[in-house]
Amino acid sequence: MAGERILIVEDEPAVARGLEYALKKEGYEVLWADTGEKALTLARQRDPHLIILDIRLPDLNGFEVCRRMRGEGLRQPVLMLTALDEEVDRVVGLEVGADDYVVKPYRLRELIARVRALLRRAYGELAMAAPGERIRFGDIEVDLERLQVTRGGRPVPLTPTEFRLLRFLVTHPNRPFSREELLEAVWGYDREVLDDRTVDVHIRHLREKLEENPSAPRWIVTIRGVGYKFQP
């Protein structure tokens, strides 16, 4: 896939230029914002396919930018850049709606690989559903063709990663999956790249959006010593 629009949110011009050069070389269209406010404006007006978001910005930090985008219903994949392998940055990034993260300093080759994977999963693999295929449980309907979820007839805004995780679980009902299996199936990574917390945070987000009582889930349940399963 090439030609997709990617928004770089980075306040260091040298870093941004390096990213822009590498992405354009791969065939992507590139937008650049050096502040959080500019990033929000470009995200609203230019509808990028993916956003590379640095945490440390001169006005709003990356967490607040991501939080606002998700609050406004912007669902594009967000690849967050975190510094110095700080776990708290990674966890907070996932909490506010980021789909993936890369730790600085990073290799451009690794970042490009992450970008490709996120775009493929968000816009390629998700489109491969049978026409009209839907899964219903309770008052929730998962439209696998249109990539939409409704609860009581009202749309539920899921990020691409949340939708992939839900789709994987509901298409394998009553089967327990370990966190490692979910990382590989949904993110395409192993534990050396992402940790178990990534799965836990996204599971919690799904429960908060779909369960009547997220602290006592009915549909997405925990299997002690194993992981999670969808219980129709």
Looking at residues at least two apart in the chain, or sitting in another chain, which of them share a salt bridge (charged side-chain N to carboxylate O under 4.0 Å, His left out) with Arg75?
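Result, salt bridge (charged side-chain N to carboxylate O under 4.0 Å, His left out) vs Arg75: none returned.
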Run the side-chain contact (heavy atoms from CB on, under 4.5 Å) check on Arg44 and Met69 step by step: do they pass?
CA-CA 9 Å; Arg44 295 167 186 140; Met69 287 193 300; over 6 Å; no
Please tell me whether Asp47 and Gln76 have a donor and an acceptor in their side chains that are separated by less than 3.5 angstrom.
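Indeed, the side chains of Asp47 and Gln76 share at least one donor-acceptor pair under 3.5 Å.
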Ignoring hydrogens and geometry beyond distance, is a side-chain donor-acceptor pair present between Arg134 and Thr150 at under 3.5 Å?
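Short answer, no.
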Count the heavy atoms of every other residue, nucleotide or ligand shown that sit under 6.0 Å from CZ of Arg218, and state whether that count exceeds 12.
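12 or below, so no.
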With heavy-atom distances below 4.5 Å as the criterion, would you say the side chains of [X] and [Y] are in contact?
X: Leu40; Y: Glu37; result: yes
X: Trp219; Y: Val170; result: no
X: Glu212; Y: Arg151; result: yes
X: Ile55; Y: Val92; result: no

Partners of Glu29 by side-chain hydrogen bond (donor to acceptor under 3.5 Å, both in side chains), sequence neighbours excluded?
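side-chain hydrogen bond (donor to acceptor under 3.5 Å, both in side chains) check on Glu29 returns Arg46.
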Measure across Thr159 and Gly97 and return the closest heavy-atom pair with its distance rounded to 0.1 Å.
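What the structure gives for the nearest pair is CG2-O, 4.1 Å.
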Any chance you could lay out the salt bridge (charged side-chain N to carboxylate O under 4.0 Å, His left out) test for Glu20 and Arg17, step after step, and finish with the verdict?
CA-CA 5 Å; Glu20 181 179 18; Arg17 282 196 296 268; over 6 Å; no
Glu184 and Glu181: side-chain contact (heavy atoms from CB on, under 4.5 Å), yes or no, with the steps?
CA-CA 5 Å; Glu184 184 174 350; Glu181 289 173 321; 5.9 Å; no
Determine, step by step, whether Leu169 and Leu182 satisfy the side-chain contact (heavy atoms from CB on, under 4.5 Å) criterion, reporting the C-alpha distance in whole Å, the side-chain angles of both residues, the deciding distance to 0.1 Å, and the verdict.
CA-CA 9 Å; Leu169 289 171; Leu182 291 173; 4.1 Å; yes
Test side-chain contact (heavy atoms from CB on, under 4.5 Å) on Leu19 and Ile6; report intermediate values, then the result.
CA-CA 10 Å; Leu19 278 174; Ile6 297 177; over 6 Å; no
